[in-house]
Amino acid sequence: MSIFKNVEDKKEAKETENGLFEKLKDGLNKTKSGIFSKINDLFSKDKELDDKFFDELEEVLIQADIGVHTTMKMIDDLKVKVKKEEIENTEEFYKVFKEELSEFLQEEKGGLILKKGLNIIIVVGVNGSGKTTTIAKIASKYKKQNKDVMIAACDTFRAAAIDQLEVWTNRLGLRLVAQKEGSDAAAVAYDAIQSARSKDVDLLIIDTAGRLHTQKNLMEELKKVKRVVYKEAEEAHKQLLLILDATNGQNAISQAKIFDKAVNIDGIALTKLDGTAKGGIVIAVKDELDIPIKLIGVGEGENDLQVFDPEQFVEALFS
Amino acid sequence: MIFSGLAEKLQDTLKKLSGKGKLNEKDVETALREVKLALLEADVNYKVVKNLISRIKKRAVGQEVMESLTPAQQVVKIVNEELTNLMGGEQSEVNISSEPPTLIMLVGLQGSGKTTTAGKLSKMFKKQGKTPLLVAGDIYRPAAIKQLQILGDRLEVPVFSMGDKQDPVDIIKAGLSKAKTAGHDIVILDTAGRLHIDEEMMEELKEIKNETDPDEILLVVDSMTGQDAVNVSENFDKSLGINGVILTKLDGDARGGAALSVKAVTGKPIKFIGTGEKLDNFEPFHPDRMSNRILGMGDVLSLIEKAEEAIDKEKAAKLEKRLKNNQFTFDDFLDQLEQLRDMGPLDQIMGMLPGMGNMKQLKNLQVDDKQLDHIEAIINSMTKEERNDPDIINGSRRKRIATGSGTSIQEVNRLLKQYRQTKKMIKKFNSGKAKGLMGNMNLPF
Ligand SMILES: Nc1nc2c(ncn2[C@@H]2O[C@H](COP(=O)(O)OP(=O)(O)OP(=O)(O)O)[C@@H](O)[C@H]2O)c(=O)[nH]1
Ligand SMILES: [Mg+2]
């Protein structure tokens, strides 16, 4: 039988918060023991910086989902540096390598910035990427800072999407604006803005339906939601947050490109980093589109949210 | 379109190769390097690609290829065979238990699509005349149970739930006995998404498995998954001994390399693919056909099966008789149109035609279902007389029809032209001049 006395214990254990960095590391550590990861071997042993070494590096980078294109670019860069700076051993190389990675990523930490007055965050992404959960996490964070947070249930499409938000808002004690399933998403957003204004809310977060970026009509619907929000809440500080699942491979690039083209993304939240996926795809995304990474998700609980820290991210990727 | 990006890349590479007469080892190596990159870009796992390429290479630089008259074709054939092998030969069916109910358990990471897939599976079984029961075993994600209940309501498939305060092991046991007493022959268990490295949560699945002995444990994998697909599937397989895989969200532009990785690591077949949010966007997976599709040979078999499913047999027989007598009116046209729509989104259908998958225009075309709306509107604006005898549709009638249907005279003219062409084709068929696979389909375009 289960090691837990009852379901409630089990649920609680699932939600207890570990040291947040621990959690991220935990996940990444587990990858290390995985048969497919071997960055450690690669750098620890006294190896020659020869073709074989670079082949192995290629393998490691690609397996972190950094992507073929960006990996090749990086390796070409590194080869040039090795020659120019007369680097001879793996130890020296490791330093250059980490610098190189950081160059590809952003320099600053992520995080969201709220301004005085009404703030609005529209959250978008493909199906199941973690939009609703990330919204709950963000809301919980600001609620703890005594901000008045409201959520708009603009996923009027997926079965029980509204119920899912109801559970979260009840649990966290937040305001929710919702209509019934099937109603117009932009209309819900419009309602929510009115309501947020009249109640002097600090932060309104808009949950949208998951959609594949290739679904033209659904992307049009999203544009409409954005249009209505940006027109209606002119005075508000507005941001568009794209949720990317760290488990995703190269398709995340396509997601970022097309969502950005449609609604202009201000920032990215990378979810599910508590698993064994490394989320290296954000390096490729950053390389191709200059969108900052703001947040990372490291679990299903309301506290499993962290500010993106490029240094830590790189460290965790290859420590 | 399914695997289209990968298909395009591979076809380009292999085409380049075909341009050459005799091949040397270097040609093959260059081509295989590109095949390798194409596979990596499609998110096939690095290790898997490495093994595959080395197998292909060993065969491709072998004597019989180099010395054959058509070496490029030989290489294509080898790539095709190895890909097919990797994807696992023939289609694998679901294990149906000899003592009902058959228990099917869906497992996977968070957000991979288990709940929707549970709905799709139950719809498929229902269509086959079975009586599925859905069991709500996800007590963790907010409103997961409600989501399943809504799907069940829509599909008129009963959902067994005990709320979110009971242990999933108890829920599924109770669900099974309910299924036995109520005479359900299939039980589909939706479980909570979990990480493969979450030991407690994996323990829960093992317990369910030990207590209920499922006939099928299917791993649901998001087709957008990257390199991690191997870790996930290996872990789930080791803990549970999965029977197969369902690949979801293939309607996007994911190149779906995860499919190859999962198969290579676990050796377990991909049984179904999900190709859209609608509950009937779901099909059995045919590895051999898929590999043909990737290499641009089209998937005529799937197309015909789809057509057979959608076409109303009785109507078809009637139509055939009418066609034999060269009678084909706009009412028939309309009928055909509806049946075509039943086959699914047009761009998916087109992708199955040989040579179509690779057409650049098609990629951005998103064959417009609106166009079909217009055609329907035009036909609906014709009088009964006009539909039966389109020859009477003169200029002023055309104007009226265009206005009535909210389209333009050009569109009406185009449709009339199509109609005449179709009719001509029918005449040809009847006179036995053209007979082919599509002979009795007469697609209205
Ligand atoms: N392990 C882990 N799971 C997560 C994380 N973020 C979200 N999830 C889980 O992923 C699943 C999907 O999350 P949702 O928040 O419902 O995703 P969504 O994007 O709103 O999904 P749709 O609205 O259906 O498109 C849920 O089971 C979440 O608990 C994370 O950082 N780590
Ligand atoms: Mg959601």
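Chain naming here is simple, since letters A, B, ... match the order of the sequence lines and numbering starts at 1 in each.
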Under 4.5 Å from any heavy atom of chain B, what part of [X] do you find: side chain, backbone, both or neither?
{"X": "A:L165", "result": "neither"}
{"X": "A:N170", "result": "neither"}
{"X": "A:Q255", "result": "side chain"}
{"X": "A:I253", "result": "neither"}

Between [X] (side chain) and [Y] (backbone), is there a donor-acceptor pair under 3.5 Å?
{"X": "A:N251", "Y": "B:M224", "result": "no"}
{"X": "B:K50", "Y": "A:E59", "result": "no"}
{"X": "B:K249", "Y": "A:N127", "result": "yes"}
{"X": "B:D228", "Y": "A:T247", "result": "no"}

Does either side chain, that of A:T214 or that of B:D253, offer a donor lying less than 3.5 Å from an acceptor on the other one? no

If you apply the rule side-chain contact (heavy atoms from CB on, under 4.5 Å), what do you find for A:Q250 with B:R255, and how did you get there? CA-CA 9 Å; A:Q250 318 264 307; B:R255 295 188 185 161; over 6 Å; no

Atom [atom1] of [X] and atom [atom2] of [Y]: how far apart are they, to the nearest 0.5 Å?
{"X": "A:Q63", "Y": "B:K47", "atom1": "CD", "atom2": "NZ", "result": "5.5 Å"}
{"X": "A:K272", "Y": "B:Q110", "atom1": "NZ", "atom2": "CD", "result": "6.5 Å"}
{"X": "B:Y46", "Y": "A:L61", "atom1": "OH", "atom2": "CG", "result": "10.0 Å"}
{"X": "A:D274", "Y": "B:D198", "atom1": "CG", "atom2": "CG", "result": "8.5 Å"}

Mind listing the closest non-hydrogen atom pair of B:Q227 and A:I62 along with its distance? CG-O, 3.1 Å

Specify the closest pair of heavy atoms between B:I150 and A:A159, including all atoms of both residues, with the distance to one decimal. CG2-CB, 3.7 Å

Which atoms of [X] are under 4.5 Å from chain A, going by heavy atoms: the side chain, the backbone, both sets, or neither?
{"X": "B:L109", "answer": "side chain"}
{"X": "B:K36", "answer": "side chain"}
{"X": "B:E277", "answer": "side chain"}

Among the options B:N210, B:L195, B:L40, B:D43, pick out the one with the most heavy-atom pairs lying under 4.5 Å from chain A. B:D43

Are any of the side-chain heavy atoms of A:E166 and B:P142 separated by less than 4.5 Å? no

